[in-house]
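Everything quoted here is computed from the prediction, not taken from an experiment. Values below: every heavy atom of this structure, side chains too, minus hydrogens, waters and symmetry copies. Numbers here simply count residues along the sequence, with the first being 1.
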Amino acid sequence: MRIPILITLLATIVGLSACQTMTPEERRAADERQCLSYGFRRGTDGFATCLQRIDLDRRAESRAESAEMMNRMAWDLNGPYVYRDRWRYRH
């Protein structure tokens, strides 16, 4: 039972380490390039709003991935199992 949990945790750690290859400075520069490609100019309110929305989107995506991982882990811990040919739930 603990093996699926360990595999899930290891996969998550590997996945997160792959995402951390960008430094905060590199991420900011990439975000600025993205906003400039949309046509915003540095120093304007639109440019600041663009950067803010990119950051908020990144945070929302992170929260969604975290919630999904927690749901998978909860299912592994409390999911159904077969006991004498019947489905039972652990509580």
- Message: For Glu61, give me all partners under side-chain hydrogen bond (donor to acceptor under 3.5 Å, both in side chains), at least two apart in sequence or on another chain.
- Response: none
- Note on the structure: Residues passing the side-chain contact (heavy atoms from CB on, under 4.5 Å) test with Glu68, sequence neighbours excluded, are Arg72
Contacts under 3.5 angstrom, residues 38-45 side chains, donor-acceptor by atom type, not counting sequence neighbours:
from  : atom 1 : to    : atom 2 : distance (Å)
Tyr38 : OH     : Gln34 : NE2    : 2.9
Arg42 : NH1    : Glu32 : OE1    : 2.6
Thr44 : OG1    : Arg41 : O      : 2.7
Thr44 : OG1    : Phe47 : N      : 3.2

- Sidechain-backbone polar pair: Glu65 side chain, Ser62 backbone, donor-acceptor under 3.5 Å: no
- Query: Under the disulfide (SG to SG under 2.5 Å) rule, what pairs show up with a residue in residues 37-71, not counting sequence neighbours?
  - Reply: Cys35-Cys50
- Is there side-chain contact between Arg28 and Leu51, with heavy atoms separated by less than 4.5 Å? yes
- Go through the structure and list residues passing salt bridge (Lys or Arg N to Asp or Glu O under 4.0 Å) with Arg59, not counting sequence neighbours. Asp55
- Taking only residues two or more places apart in sequence or in another chain, which ones pass side-chain hydrogen bond (donor to acceptor under 3.5 Å, both in side chains) with Arg58? Asp31
